[in-house]
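First the structure, in the form of C-alpha cells, and then the observations on it.
These figures come from a predicted structure and were not determined experimentally. Numbers for residues simply follow the sequence, beginning at 1.
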Amino acid sequence: DPQPTTLQALELSNGEIMHKAVQKIGTKWTSGKRTTGQLIDDLFQNAFLRQPTQKEKTLAANLLGEKPSDATVADLVWVLILQPEFQLIH
C-alpha cells in the first residue's frame with residue numbers, strides 16, 4: 001500500500017532519525033559562506049525547486065536572525081519539510 005501509516009507520518013515529523021538528519025542539515029548549511037538571503041534562496045530552491053516569495057523570505061529572515069546558527073537553520077528546515085508543498089515534491 002503506497003499510503004503512509006499514521007506511525008510512519010509521526011516518525012517522519014517527530015522521530016529521532018529525522019531530528020538528527022535535520023540537525024545535520026542545519027550544521028551543513030550554516031558552515032557555508034552564504035548571506036542570510038542566499039541561504040534562504042538556496043534552501044527554498046532545494047526544498048521547493050523555486051525561489052521564496054517576498055513574504056516567505058521576510059518570515060525566514062526573521063526566524064534566522066542576523067547571523068543564522070545551526071539551530072535556527074535547522075528550525076527553518078523543519079518548517080520547510082513540514083509544508084505540504086515539500087511533501088508533494090519529495
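- In this structure, the separation between CD1 on Ile81 and CG on Leu43 is 11.5 Å, given to the nearest 0.5 Å.
- Considering all non-hydrogen atoms of both residues, Val73 and Gly26 come closest at CG1-CA, 3.8 Å.
- Both Leu80 and Val22 belong to a common hydrophobic cluster when Ile, Leu, Val, Met, Phe, Trp and Tyr are linked at side-chain heavy-atom distances under 4.5 angstrom.
- Partners of Gln23 under the side-chain hydrogen bond (donor to acceptor under 3.5 Å, both in side chains) rule, at least two apart in sequence or in another chain, do not exist in this structure.
- Closest heavy-atom contact between Glu56 and Pro52: OE1-CA, 3.3 Å.
- Applying the side-chain hydrogen bond (donor to acceptor under 3.5 Å, both in side chains) test to Lys57 and every residue at least two apart in sequence or in another chain returns Asp41.
- Between Asp42 and Trp29 there is a side-chain heavy-atom pair separated by less than 4.5 Å.
- Note that CZ of Arg34 and CD1 of Ile40 are 12.0 Å apart. Values are rounded to the nearest 0.5 Å.
- One hydrophobic cluster, built from ILVMFWY side chains closer than 4.5 Å, holds both Phe48 and Val77.
- Considering only heavy atoms from C-beta on, Arg50 comes within 4.5 Å of Phe44 through its side chain.
- Rounding to the nearest 0.5 Å gives a distance of 11.5 Å between CG of Leu76 and CG of Asn62.
- Note that CG of Asn46 and CD1 of Ile25 are 9.5 Å apart. Values are rounded to the nearest 0.5 Å.
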